[in-house]
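Structure first, then comments.
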Amino acid sequence: MISKNIALIGFMGTGKTSVGKILARRLGWPVVDVDLYIEAKENKIITDIFEKAGEAYFRLLEKEAIREICKRRQIVITTGGGAALDPENLEALKASSHVIGLSARPETIYRRIKDSRRRPLLDGKDKLKEIERLLAVRKPFYEKADFYFQTDGRSAAQMAGHILRTLAEKIA
Ligand code: S3P
């Protein structure tokens, strides 16, 4: 019934990974996570790529990964929080997938990711302030998704159910 892939975009800590896993289980599709795809291909973790080669190089790897992943069908794609800022990435995602944007309030995001060691963009900064700043810059990009949902106070399972119902209603 769902003809295209489903791709999740949104800020760090909005639940893309958890929601993606549930969607994939319900649809019987694999999840392809862009960050994990890059890590497997480069045999390095994202934090090391940022540290040793810099963010600009990571963004090139991310763009290449998205181009490759979008050739596949019947998958759930979960992206890193910066992926949708590049217009070519968004275009490739939209051509192959229903793009779902997830959002949350800065405080919710902070609570979800404050202890994470996998968020190099926030390292060494006042995390809540940096989340607020980056979120304000990035929100207009996330809003370009085909559907855009708030996740505060909702579990990953509730979000997945909501997404599947919306797609069934709107695109069937
Ligand atoms: C990034 C988010 C991370 C990862 C990288 C950059 C960003 O993914 O891609 O650290 O620019 O927001 P998550 O959104 O899964 O944390």
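Note that this is a predicted model, so its numbers are computed, not measured. Ligands are counted one by one from 1 in listed order, and the atoms in each one are counted from 1 as well.
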message = With a sphere of 6.0 Å drawn around NZ of Lys4, does it hold more than 12 non-hydrogen atoms of other residues, nucleotides or ligands?
response =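 Enclosed: over 12 neighbouring heavy atoms sit under 6.0 Å from NZ of Lys4.
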query = How does Thr17 reach ligand 1, by side chain, by backbone, by both or by neither, if only non-hydrogen atoms under 4.0 Å count?
reply = neither
request  = Find out whether Tyr148 and Ser103 are in side-chain contact, i.e. whether some heavy atom of one side chain is under 4.5 Å from a heavy atom of the other.
outcome  =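 With C-beta onward as the side chain, the pair touches.
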key: Heavy-atom side-chain proximity of Leu23 to Ile163 below 4.5 angstrom   =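 Result yes, sub-4.5 Å side-chain heavy-atom pair found.
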query = Between Glu68 and Lys41, does at least one N-O distance fall below 4.0 Å, as a salt bridge requires?
reply = yes
query = Hey, any chance Ile22 and Leu8 share a hydrophobic cluster, counting ILVMFWY side chains that come within less than 4.5 Å of each other, even indirectly?
reply =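 Hydrophobic grouping puts Ile22 apart from Leu8.
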inquiry  = Give me the residue, atom name and distance of the protein heavy atom closest to atom 1 (C) of ligand 1.
reply    = Gly81 N, 3.8 Å
query = What is the nearest protein non-hydrogen atom to atom 10 (O) of ligand 1, stated with its residue, atom name and distance?
reply = Pro120 CD, 3.5 Å
ask   = Can you name the residues that form a ring pair (Phe, Tyr, Trp, His ring centres under 6.0 Å) with Tyr37, not counting sequence neighbours?
value =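 Applying ring pair (Phe, Tyr, Trp, His ring centres under 6.0 Å) to Tyr37 gives none.
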So is [X] polar-close to ligand 1, meaning N/O to N/O under 3.5 Å?
| X | result |
| --- | --- |
| Gly10 | no |
| Arg59 | yes |
| Arg138 | yes |
| Arg119 | yes |

inquiry  = If the cut-off is 4.0 Å to any non-hydrogen atom of Leu121, which atoms of ligand 1 fall inside it?
reply    = 7 (C), 11 (O), 12 (O)
ask   = With respect to atom 15 (O) of ligand 1, which of Arg118, Arg112, Lys16, Met12 exhibits the smallest heavy-atom separation?
value = Lys16
key: Nearest candidate to atom 3 (C) of ligand 1, where distance is taken over non-hydrogen atoms, out of Leu135, Asp35, Asp33   =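 Selected option, by shortest heavy-atom distance: Asp35.
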Centroid-centroid distance, Phe149 to His162, less than 6.0 Å =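 Yes, ring centres under 6.0 Å apart.
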